[in-house]
Amino acid sequence: MSSLLVPARGWFRAPSGHERTWIGLALCWCLVLTLMMPFWHFRGKQNSRGEAYLVTPAGFQARVDKFIAATKVGEQNGIPVVSPAPGGDAYVLARMWSWSPILKLRQGETYRVHLSSLDLQHGFSLQPLNMNFQVMPGYDHVLTLTPTSKGTFTIVCNEFCGIGHSTMIGKIIVE
Amino acid sequence: MAHAIAKSDYTAPGGAPAKTFELFPRPTAKTGLVGWLTSVDHKKIGMMYGGFAILFFLIGGLEALMIRTQLIVPNNRFIGAQLYNELFTMHGTTMIFLAVMPLNAAFFNLLIPIQVGARDVAFPRLNAFSLWVWVAGAIMLNVGWLSHFVPSWGFGGAPDIGWFGYAPLTSKLFTPDLSTDMWVLGLQTLGLSSIVASLNFIVTIINMRAPGLTMMRLPVFCWMALVTSFLLILALPAIAIALVEVLFDRHFGTNFFEVSGGGQPILWQHLFWVFGHPEVYILILPPMGYVSEILPTFSRKPLFGYPIVVFSGAAIGFIGFGVWSHHMFTTGMGNVATAAFAVATMAIAVPTGVKIFNWIGTLWGGHIVTRTPMMFALGFIWMFMMGGFSGIMHSAAPADAQQQDSYFVVAHFHYVLIGGATFALLAAIHYWFPKFFGRLVPEFWGKLSFWIIFVGFNTTFFPMHFLGLNGMPRRTWTYDSNMGWNEGNFLATMGAYLLGVGIFTYFAVLIYTFFKGEKCGNDPWDARTLEWSIPSPPPEFNFKAVPTVHARDAFWYEKTHREETAKEQAEHMQAEAAHGGIHMPDQSWYPLLAAFGLMVGAYNFPQMDAPLVLFGNTLLSSHLPLSLAGVGFLVLSCYLWSLEGPGGYHIHLDADGRDTTPRGDHY
């Protein structure tokens, strides 16, 4: 039959046999994949809930200063090291081009980590876990997290923030 | 219909000639500089779009090679951080706005009027205006590079804010120099060009179709151009508003994005991506159109599931407006918004997948001819699918938190935009080159360039998936050697050099073909659409007789119904001759002059606080008079443009289709 001709009417055949089995399997697999997302969200309890509040940069800085004064345990290269109370709030402040303070967390305890920026947009990228969150001025981004392994984790800025972007590195210590 | 063409455009009601005013005589030169600068011929405008776009494509490629060279080893000092920031900003901006979009515009211009059986676009002078406004925008975006050679230029280099210019990095506080203003106004100007061009193509496609060419017989490429044009006119106002807000923040003390004044930087992200995500489909829908034209030709059978391909293209356009916040999953939007945008993003994969199945269905059982355009088109299907897969990985919001702003994203969108859009564009250039230059590209060299590009592309971008999952952030000037990113970066840079060699081979072969290639007839590929029924290169008036379309694959039908076609064409030629001959649009200076006025106005506007200094002498205390003069020139040009009237002249053909009109004879 010439391929230029219009196919005869009634060309549609309902799938049957193997074809029907494969379509059914593909459909089930789609459903499984789709349902995995909400299932794992509630079962795994690992995802950020996207919790964020409006703040002013000055107001956030005042809270960070108070937090540092209350929990400071040391200093590394001029950046304060703090040890927040388990179950409580912790703060990380981003500015061009540093992260402050250095958090000292305890394994197995849950913290509410507040992220915000003083100047422009930064990106909070926790290495080597590779979890990424955007840090905006005027926006208090809250991560509820429970460290499950010990060690030193690096914070890399992954949102372009000017000439010093590649040098903007911070730290979280879990013991 | 021929009657309407002959009577409507240049006679006032009552038959008296319309009153017009011409400040200087309208240009009639068809060749030479004046011929090109004042051209309203859609083919010439398309060639200029294409030529400029390829120039910027190569510039953007050189920028990419410098970026990759900087990242070849850890802690490299090949270029400084400042230059690096300018390079990646301009690489993104150039490739999107100055390479892929204008290359698509070039094909819109070259092909749409011919594929719908028309003699030009609906508004030929407006079409020239789009081109020259685009050139003005391109100049403004790139003018900052000059300050690397002439430090007194005062720009502080090219834009260095990333191609999506996240606020408040764009505020006067963080980027005080002019480069950001030029970026803002350059994009604004390019947006104007795109909106004007889109309106033109929408009217052309809907109003100027040949008899018998119903919407559901329209070539898929024209359908995709129609959807793209609607996306452009709906998406660009969002970025236009956002850019105006940035400009007001920078120059008039408003607080749209200033946190200290109560502004919200996240507003920029929303406005930018509500434009930016449809923009992705603006870039990829026309390439889907080229591939839908090329695959059937070289499979020797019609496109499988034509209506579904068309509808899924339109569905992509609709859903494309409801997915923008998937760029913002990690900003803390909350569960509901995140889930909604994740589902919408997954939904858009359905029409995209449908298209891929239809292309495979077209190949299935076909008599596949692997010429070079077909190789690129097959490469497109595979590589675009890979980009689609990593796209679905982003759409799962929890997984996206591991990919946000990492090299995984860089790998994803290069698979979509090189493996997808660029492969299809390279296929299209190769496929339609014989039509517009009358010469066939040598098959061996074409295939060689394909294989070099294919291997180079995958070597460059496949390792980036792993770099991203290992945490390498994008836009980083350099990295430490203990991060585990050394091998991947080295491999990617080597791939980039290979890709450069491939692109060089591709265009070197085209240049060779342009001068020395084997000459070909009207229809070297035994193709299906109307452009192959006319001579290569096409005459100014495209068709000696307006075609009548009887089938989707219009030219395949004509080839199998020669007598019927000849009879219809003779009738159409007679009818047109009876009404004064083939009516063609007149050239005009005003589109070029209006675009020039716009550029002068926009270029001087952000400098209004700075004195005008030339060779060390202060000529004016402010740039404001120059800016106003530019705007005045724009207004005056548009005014004179409207007074000169549509004009137009007739071409008379003899029975063989030869032009018998005396040169310069109007009416």
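Labels below follow one simple rule: chain letters A, B, ... track the order of the sequence lines, proteins then strands, and each chain is numbered from 1.
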[X], [atom1]: over 12 other non-hydrogen atoms inside 6.0 angstrom:
X: B/N482; atom1: CG; result: yes
X: B/F357; atom1: CZ; result: no
X: B/Y479; atom1: OH; result: yes
X: B/R217; atom1: CZ; result: yes
X: B/R552; atom1: CZ; result: yes
X: A/R43; atom1: CZ; result: no

Heavy-atom pairs under 4.5 Å with chain A are the metric here; pick the option from [options] that has the most.
options: B/Y84, B/F88, B/F329; answer: B/F88
options: B/L173, B/T478, B/I266, B/T338; answer: B/I266
options: B/A337, B/A339, B/G162, B/P265; answer: B/P265
options: B/D480, B/D160, B/T331; answer: B/T331

Please report the shortest heavy-atom distance between [X] and [Y], naming the atom on each side.
X: A/V156; Y: B/P473; value: CG1-CG, 3.6 Å
X: B/N85; Y: A/I163; value: ND2-CA, 3.7 Å
X: A/S166; Y: B/T476; value: CB-OG1, 3.3 Å

Got a second to check how far B/R475's CZ is from A/N158's CG, nearest 0.5 Å? 10.5 Å
Pairwise distance OH(B/Y166) to SG(A/C161) - rounded to 0.5 angstrom: 13.5 Å
Residues of residues 117-149 of chain A near chain B, each having a heavy atom less than 4.5 Å away: A/D119, A/L120, A/Q121, A/Q127, A/L129, A/N130, A/M131, A/N132, A/F133, A/Q134, A/M136, A/P137, A/G138, A/Y139, A/H141
Does anything in residues 168-175 of chain A reach chain B? List residues with heavy atoms under 4.5 Å apart, or say none. none
Contact part of [X] toward chain A, heavy-atom cut-off under 4.5 Å: side chain, backbone, both or neither?
X: B/F164; value: side chain
X: B/N470; value: backbone
X: B/Q403; value: backbone
X: B/A551; value: neither
X: B/A167; value: backbone

Could you check which of A/E159, A/M96, A/E51 has the highest count of heavy-atom pairs closer than 4.5 Å to chain B? A/E159
Check each atom of A/S48 against the heavy atoms of chain B and say whether the ones under 4.5 Å are side chain, backbone, both or neither.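 For A/S48, backbone heavy atoms alone lie under 4.5 Å from chain B.
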